[in-house]
Novice: 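Encoded as structure tokens, here's the structure I'll be asking about.
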Amino acid sequence: MDEELLVYEQDEVHTIPTSQDDLSVSGKLRIIEKRHGVVIEWRYSDDETSTDNEWAVINTAAVTFTHHNVSDSVEISSPRRTVRPISIELVDLRSYKICDNHSLVLIQRDGTTHPALAFHSGSVHCFVEVLLRYVAVKKSEKDGDLYLVSDKRQAAQDQELAAMNLVPSRWGMAGDGGGWSGGGPSGQWTSTHQRVMGFINNLKRDPYTTAAGALSKFYDAVLYSDVEGYVRENDGEDEVAELFHSLNGFEDLEPGYELLTKKGTLNERPKVERLSPLTHDDFQQYVDDDGRIHDVTPLLDRIFRGGLHPNLRREVWCFLLNHNEWNATHIQREERRRSREDLYYTMKQQWRTVTPDQESRFSGFKERRSLIEKDVNRTDRNHPFYEGEHNLNVTALHDILMTYVMYNFDLGYVQGMSDLLAPILYVTQNEATAFWCFVGYMDMVYRNFDMDQSGMKQQLKDMQQVVRLVDPELMSYLEIRDSANFYFCFRWLLVRFKRELNYANTLRLWEVLWTGRPCPNFHLLLAVALLDTEKNTIMENKFGFTEILKHINDISLRIDLDATLRKAEAIYKQIASSPNVPDGVRTVLGLPPQEPQEQHKSNKDEDASERRGSGSDEDVGSVNVTEGLGLVGVVSSMIGSAVRHLGGEDMMQASLEAVSGQQQEEGTSHQRRDTEAETEKRFETALSHQFV
Amino acid sequence: MEDYKFLFKVVLIGNAGVGKTCLVRRFTQGLFPPGQGATIGVDFMIKTVEIEGEKIKLQIWDTAGQERFRSITQSYYRSAHALILVYDISSQPTFDCLPDWLREIEQYASCKVLRVLVGNKTDREDRELPTHVGEEFAHRHNMYFIETSAKEADNVEKLFIEIAKELTQDSKVGDLSPQDVSNVPLPPTRETRSEFPCCSRWMSSSSSAT
């Protein structure tokens with residue numbers, strides 16, 4: 001019944017493999033005018049059967065793969081994946097990226113980020129030309145590959161309004177930093193006008209949320225700008241002026257923020273090189289005739305720099321994961337191996353001999369067992385090593401996890417552990433060895449599985465500290481967008497990027513992380529590096545919390561590991577070489593503390609973050625707001641209370657963070673208690689969450 | 001620019017392994033992906049449906065089921081318009097945990113949230129929970145009730161469409177001006193309407209109803 005008009009069609013538009021083991025799938029890209037609107041579609045070439053079906057699975061038989069056994073192998077093949085057709089209503093298209101004049105990534109308003117498509121025939125520019133009939137497109141000023149889409153009629157209307165000069169100049173000026181410096185005058189009016197109209201539209205549609213949200217942003221803006229030292233304490237008139245200055249963009253304040261935000265104070269980021277993987281011959285140079293490895297430091301440095309050749313993993317992972325001791329001889333190692341194997345099978349017998357009758361009165365055991373059963377049956381089942389029914393490797397996964405429950409019953413089994421074990425079993429190919437290597441890995445990351453999740457929450461807080469230092473602009477953006485809790489990094493951190501990378505890359509990353517180089521918590525810098533890569537996409541698309549989460553989840557398996565490792569290390573070097581790095585960050589990255597006078601600041605910082613973390617003493621927090629803040633403090637605290645009443649605690653989160661930042665600044669100028677004991681305590685805390 | 005009338009946030013909760021992700025994937029993508037790894041953290045999918053000629057967007061959130069992750073997933077309940085509490089009809093323990101989940105909901109979700117109880121995996125032959133047990137539980141706790149099979153695509157569409165309908169209707173009622181509302185004998189708030197849960201209506205055309 002739909003009348004459809006095909007306005008664009010291009011054959012041989014391929015998906016781009018994410019690794020060398022991945023296969024490209026060819027398809028057709030179309031633009032279709034349908035009754036309800038224009039739709040962009042990409043479909044698998046042979047999938048002509050169902051143009052109306054929203055999604056269909058590619059015939060998996062068409063996607064072939066080869067698997068090399070690891071023991072004799074060179075490279076590992078990735079699990080086969082289903083490629084899903086793309087269908088986007090044009091109204092949902094937020095932006096697109098064109099890389100190297102050749103590949104196209106479509107990004108939706110809700111953050112959905114589609115796989116990259118390469119034009120093997122035709123040109124991406126023809127596609128864009130047709131697209132331009134329906135939408136207006138603006139090239140991003142920050143990211144040369146990114147193009148932002150807006151409604152054509154709206155754009156035209158804005159032009160007219162702009163020409164009528166309806167919006168006073170002040171609004172335009174603070175509203176869009178980019179437009180002011182780059183574009184002509186009409187550009188600023190347009191964006192400001194859009195924001196105002198957007199706000200009014202939202203207010204009509206959902207007055208409660210819009211008003212509360214705006215108040216909350218306003219509150220943020222006030223406090224944040226103060227933190228940055230932009231609003232002067234005793235200059236009431238200027239304060240008020242600045243407040244209204246930043247008020248103009250209710251809908252999206254962050255361009256105003258760019259004006260207010262200090263540029264980072266760090267040194268320049270150096271260039272970092274990586275090496276090829278360590279080979280068997282390379283490795284032998286570190287081993288003496290008896291099998292001892294004396295010089296561990298340069299070996300670990302080398303592994304950090306390039307990872308391990310696949311055929312070396314089975315041996316060297318046992319060292320990295322503490323199953324083997326570096327300075328033991330072949331003979332001692334064999335003894336240890338045997339005794340640990342015995343111990344493994346003893347513990348295995350323990351759970352195997354629990355009868356169903358016993359189990360009926362042992363609910364803690366039963367719960368753990370049933371969850372393990374559920375999870376091993378869905379862990380990496382698309383990977384050749386674990387696929388198929390009655391797969392013995394799946395049984396081994398199960399047995400190892402059950403034995404781990406007996407080894408550490410208090411921790412038990414937590415979801416995510418099977419993800420950490422599966423690659424280890426795949427590499428070691430031996431149940432008892434895999435168990436002990438897994439024990440070694442868990443010793444590094446057990447805090448990820450804390451009952452109250454405090455280990456994960458600490459890491460998210462640490463992320464916040466590092467991002468605030470490395471990229472204050474991104475941090476203030478995330479704060480305004482209620483995303484400063486970094487929840488979207490949760491999966492990255494919990495299973496150490498296992499879900500974001502294919503197998504080959506997961507193995508590479510893990511062995512690099514296990515070296516403990518170049519610093520503790522290097523995995524956090526990896527996350528910071530990834531965010532740095534995605535920053536422009538997130539900010540230019542004006543993604544909020546949900547869109548960021550969607551985008552982050554969608555770029556899984558599309559991460560360039562080598563580039564990310566290089567960037568992460570460069571960020572480390574950048575921080576390590578810079579003066580005035582807050583001690584909070586120094587502690588996280590295992591850097592020595594700074595000069596005494598700098599320490600007070602970060603002690604205050606920690607006090608403040610503890611207060612923020614407790615959450616229950618909200619009223620105490622808001623009382624503190626009014627202390628010594630002058631007009632801005634009083635006004636914003638009043639708004640803050642209003643927001644709290646309207647919107648519940650959630651909205652206070654970001655505001656409180658800004659408050660704690662404020663107090664940190666205050667602390668620098670007053671009260672300088674001597675804090676040696678505290679410094680020590682901080683180191684202890686730091687040690688407790690060092691991972692490698 | 002937005003061409004849809006409403007956007008509703010629907011959050012799925014329930015024990016690990018009851019099939020939350022499969023319900024979402026079945027509805028949004030028409031797939032039943034075997035070997036899909038346990039959900040870590042949260043994810044969401046969007047699907048547009050048409051209710052009485054109007055476009056409604058459902059933003060369907062999928063959460064990790066294990067108790068340990070609740071402190072993270074809780075933060076996603078608050079703004080939910082509907083909560084789908086899922087158990088596995090072939091697993092008594094997943095049903096026994098429902099009161100815990102209800103306490104979670106009371107504590108962290110909006111009191112106006114639409115609550116639906118779902119007994120999933122009706123394709124399984126080792127059923128441990130008869131339909132009437134779930135139905136009674138739902139009735140006692142003022143929830144809607146439906147049994148589904150993500151694997152067989154049974155009742156999945158219906159589950160989400162009914163939710164979309166309810167929420168759309170609620171929003172329209174909410175749009176009425178005060179005068180209009182005063183003409184309605186009983187204000188159609190969630191509390192009063194839940195006294196008469198429509199579970200019988202939901203179940204009546206369900207193929208898996210007893």
Side-chain angles (χ1 to χ4, degrees), chain A residues 36-37 53-57 82 84 89 91-92 108-110 112 150-151 154 201 205 209 363 366-367 370-371 373-375 377-382 386-387 413-416 418-419 449-454 456-457 485 487-492 494-495 498-499 546 549-550 553 648-650, chain B residues 1-7 9 15-19 21-22 25 28-48 50 55 57 59 61-62 64-76 78-79 88 91-94 96-97 108 110 171 174-175:
Chain A
H36 57 271
N53 242 349
E54 265 204 34
W55 298 104
V57 191
T82 52
R84 237 169 270 125
E89 301 204 13
V91 287
D92 291 330
Q108 288 182 212
R109 283 176 191 282
D110 61 24
T112 304
S150 63
D151 186 271
Q154 188 66 46
N201 283 338
R205 200 171 51 200
T209 316
S363 57
K366 192 178 170 181
E367 268 170 34
S370 93
L371 194 51
E373 269 168 25
K374 275 175 185 160
D375 278 3
N377 279 315
R378 48 180 171 161
T379 301
D380 297 341
R381 294 306 295 280
N382 294 322
Y386 292 109
E387 75 179 351
Y413 173 75
V414 187
Q415 293 197 304
S418 68
D419 280 282
F449 302 101
D450 282 340
M451 191 49 104
D452 59 359
Q453 288 291 287
S454 57
M456 286 302 296
K457 286 173 182 164
N485 56 21
Y487 274 8
F488 47 83
C489 297
F490 187 84
R491 190 172 76 190
W492 289 0
L494 187 82
V495 292
K498 154 92 165 23
R499 295 283 179 96
T546 50
L549 181 87
K550 187 78 193 157
N553 283 350
E649 290 162 40
D650 261 7
Chain B
M1 186 90 190
E2 317 281 15
D3 68 328
Y4 55 90
K5 179 98 180 175
F6 296 112
L7 183 134
K9 180 173 168 184
N15 276 25
V18 297
T21 305
C22 287
R25 301 269 287 203
T28 57
Q29 302 178 339
L31 298 175
F32 180 74
Q36 172 91 10
T39 304
I40 290 179
V42 295
D43 198 0
F44 73 90
M45 298 245 166
I46 291 205
K47 175 137 171 159
T48 309
E50 223 173 275
K55 272 187 161 182
K57 268 199 183 183
Q59 190 185 66
W61 290 71
D62 186 15
Q66 196 173 6
E67 191 178 355
R68 203 156 313 205
F69 297 117
R70 279 184 208 169
S71 64
I72 299 288
T73 50
Q74 274 157 5
S75 53
Y76 296 89
R78 190 188 298 275
S79 51
D88 171 357
S91 164
Q92 184 73 41
T94 66
D96 295 339
C97 282
Y108 297 100
S110 144
S171 302
D175 282 345

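Computed from a predicted structure; not experimentally measured. Order of the sequence lines fixes the chain letters, A, B, ..., with proteins taken first and strands second; residue numbering starts at 1 for each chain.
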Novice: Measuring heavy-atom distances to chain B, does D452(A) have an atom under 4.5 Å in its side chain, in its backbone, in both, or in neither?
Specialist: backbone
Novice: Under a 4.5 Å heavy-atom cutoff, which of L494(A), V495(A), T379(A), D375(A) has the most pairs with chain B?
Specialist: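 Answer, by heavy-atom pair count under 4.5 Å with chain B: L494(A).
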Novice: Looking at side-chain heavy atoms only, is the closest gap between E50(B) and H36(A) below 4.5 Å?
Specialist: no
Novice: Should the ring pair F69(B) and F490(A) be called parallel, tilted or perpendicular, given that the plane angle runs from 0 to 90° and is split at 30 and 60?
Specialist: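 Aromatic pair F69(B)/F490(A) classed perpendicular.
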Novice: Looking only at heavy atoms, which two atoms of Y108(B) and Q74(B) are closest? And how far apart?
Specialist: CE1-NE2, 3.2 Å
Novice: Please check if atom NZ in K457(A) has more than 12 non-hydrogen atoms from other residues, nucleotides or ligands closer than 6.0 Å.
Specialist: yes
Novice: Could you tell me which of K374(A), R499(A), R491(A) has the largest number of non-hydrogen atom pairs under 4.5 Å with chain B?
Specialist: R499(A)
Novice: Check whether R381(A) reaches the backbone of Y386(A) with its side chain - one donor and one acceptor, N or O, closer than 3.5 Å.
Specialist: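 Side chain of R381(A) to backbone of Y386(A), a donor-acceptor pair under 3.5 Å: yes, one is there.
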Novice: Which answer fits T94(B), side chain, backbone, both or neither, if we ask what part of it has an atom under 4.5 Å from a heavy atom of chain A?
Specialist: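 Side chain of T94(B) only, per the 4.5 Å heavy-atom cut-off to chain A.
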Novice: Report yes if some heavy atom in the side chain of R70(B) is under 4.5 Å from a heavy atom in the side chain of Q453(A); otherwise report no.
Specialist: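 The answer is no, as the side chains (C-beta and beyond) never meet within the 4.5 Å cut-off.
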Novice: Using non-hydrogen atoms only, which part of Q66(B) is less than 4.5 Å away from chain A: side chain, backbone, both, or neither?
Specialist: both
Novice: Please state whether the side chain, the backbone, both or neither of T546(A) comes within less than 4.5 Å of a heavy atom of chain B.
Specialist: both
Novice: Of the backbone (N, CA, C, O) and the side chain (C-beta and beyond), which part of K9(B) lies under 4.5 Å from a heavy atom of chain A, both, or neither?
Specialist: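 Neither part, no heavy atoms under 4.5 Å.
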Novice: Which bit of E89(A) comes within less than 4.5 Å of chain B, counting heavy atoms only: side chain, backbone, both or neither?
Specialist: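 Side chain only.
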Novice: Counting only heavy atoms closer than 4.5 Å, note whether E67(B) contacts chain A via side chain, backbone, both or neither.
Specialist: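 For E67(B), there is no contact with chain A at all, as no heavy atom is under 4.5 Å.
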Novice: Are side-chain heavy atoms of Q415(A) and R68(B) found at a separation under 4.5 Å?
Specialist: no
Novice: Using a 4.5 angstrom heavy-atom cutoff, name the option from V42(B), I40(B), D43(B), I72(B) with the most pairs to chain A.
Specialist: I40(B)
